[in-house]
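Order of listing sets the numbers, starting from 1, for every ligand and every atom in it.
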Amino acid sequence: MILKDKKIVLGVTGAISAYKALELARLLVKQEASVRPVMTRSAIEFITPLSLSTLAGNPVYTDLFEPAGNGAIGHIELAQRSDLIMIAPATANFIGKVASGIADDLLTTVISAASAPVLIAPSMNTKMWENPITRANVERLKKLGYLFAGPEEGPLACGYEGVGRLAAVDVILDAAQEALSPRDLAGEKVLVTAGPTREAIDPVRFVSNASSGKMGYALAKAARRRGAEVVLISGPSYLPRPSGIAFVPVTSAEEMHEACVRYYPQSTLVIMSAAVADYRPKKSYPAKVKKDAVELTIEMVRTNDVLKYMGRKKKDHFLVGFALETEDLEENARKKLIDKNLDLVVGNTPAGLDSESNQVTIITRDNTIEVLPPLGKDEVADRILDKVARLKE
Ligand SMILES: Cc1cc2nc3c(=O)[nH]c(=O)nc-3n(C[C@H](O)[C@H](O)[C@H](O)COP(=O)(O)O)c2cc1C
């Protein structure tokens, strides 16, 4: 929960996508951030301050000249007491004003007085986005360290199709988390495996398991937010591909093994969270098996143990494995750590499979044991990476 207790100014400007700021405010509050909304005069033409203040759980600020009380100066107070300033959506006009140092309303004045990071999510017609003046303004702001999320390509409210659409709300949220994350994995090349594998019986049937990929995807995203270059090797999963991450889709344990062997040498940190099948059918039928026989026996053979391979070939790598156990979690996880030559093992139970949360036990090579309470998988990912970053220091 990187955003927990963070003071965030959510600036909303006069774009047609202003209604999406309501959902953003709701999600920020869900992450336990303290949201202080600021709207431009134009934004009020699109959504009401009442809706935004209700979802943000705080009053909406709109007026530069409204006294803040206690003799405080409102815009300085907002600017200085914030951990992050987000503008979503940001109009072409607003971007132009900030790039030119104009401070003629509350939102632009807050930004001119801020020392917190500023994250801008532009939203406008394609022609406005492609306008050389907008391009120059965006480039100038990027050079000055302003952060951007989007815009994306797609159909626009004005009937055009192209770049200019407000980034998806979860992409903006991810960028906010990145802005506030420690950069303690900068320079690391991280390899993460995620999801189940599928071992074919015939062209339409397979043997698999209940892994959803959520834990691995959360780890990959958290590592990227913390500055790492990330490769995610994923078995079949319905999760959206995370942005800013090299994505390698695989299906079977054999494909997973091949991809891991390919990316292992150039990795510095490897996190093997995929639920790779231990056994596969000895024979995969070329055509669909008919239900003629009353009983069908499928002979299974062992798959390659990729983690063992990595442990054997380990040089400067930091190797993290997951141990899913139904009994004697600590003992079995520790055994896996030794057998596979891991640096750290994360023990968990089937309750974490295909679930939003996970309860894990982190065991290190020097035998420290940390039993975490049940937490959302994003939070678990950050707690594991906190430990890895400390050990790698
Ligand atoms: C219906 C309507 C939709 C608009 N949508 C956008 C938009 O998506 N992006 C944008 O940059 N400007 C848009 N504008 C223009 C801005 O509202 C206008 O430039 C305004 O001055 C912006 O003020 P602000 O930046 O202070 O909020 C729109 C205007 C209207 C009337």
Exercise. Can you tell which of Lys221, Arg226, Arg225, Arg183 makes a salt bridge (Lys or Arg N to Asp or Glu O under 4.0 Å) with Glu178?
Worked result: Arg183
Exercise. Which residue owns the protein heavy atom closest to atom 9 (N) of ligand 1, what's the atom, and how far is it?
Worked result: Ser123 O, 2.8 Å
For this session: Describe, in one word, how the ring planes of Tyr217 and Phe247 are oriented to each other, choosing from parallel (under 30°), tilted (30 to 60°) and perpendicular (over 60°).
Result: perpendicular
For this session: May I ask you to identify the nearest protein heavy atom to atom 16 (C) of ligand 1, giving residue, atom name and distance to one decimal place in Å?
Result: Gly14 O, 3.3 Å
Seminar exercise, completed: At under 4.0 Å between heavy atoms, what of Met128 touches ligand 1? The answer is side chain
Seminar exercise, completed: Rounding to 0.5 Å, atoms CG (Asp202) and OH (Tyr285) come to a distance of 9.0 Å
Exercise. Of all the non-hydrogen atoms in the protein, which one sits nearest to atom 25 (O) of ligand 1, and at what distance?
Worked result: Thr91 OG1, 2.6 Å
Problem set entry | Shortest protein contact, atom 6 (C) of ligand 1 (heavy atom only) | Ala15 CA, 3.6 Å
For this session: Just jot down the ligand 1 atoms closer than 4.0 angstrom to any heavy atom of Thr13, in number order.
Result: 27 (O)
Exercise. Considering only protein heavy atoms, which is closest to atom 24 (P) of ligand 1, and at what distance to one decimal place?
Worked result: Asn93 ND2, 3.5 Å
Problem set entry | Element-labelled atoms of ligand 1 that are located less than 4.0 Å from some non-hydrogen atom of Thr40 | 24 (P), 26 (O), 27 (O)
For this session: Measure the distance from atom 11 (O) of ligand 1 to every protein heavy atom, then report the residue, atom name and distance (to 0.1 Å) of the closest one.
Result: Ala92 N, 2.8 Å
Exercise. Which residue supplies the protein heavy atom nearest to atom 23 (O) of ligand 1, what is that atom called, and how far is it?
Worked result: Ser42 OG, 2.8 Å
Exercise. Tell me, which protein residue and heavy-atom name are nearest atom 2 (C) of ligand 1, and how many Å apart are they?
Worked result: Phe46 CZ, 3.5 Å
Exercise. Would a search of protein heavy atoms around atom 30 (C) of ligand 1 find one under 4.0 Å away?
Worked result: yes
Problem set entry | Closer than 4.0 Å: a protein non-hydrogen atom to atom 18 (C) of ligand 1 | no
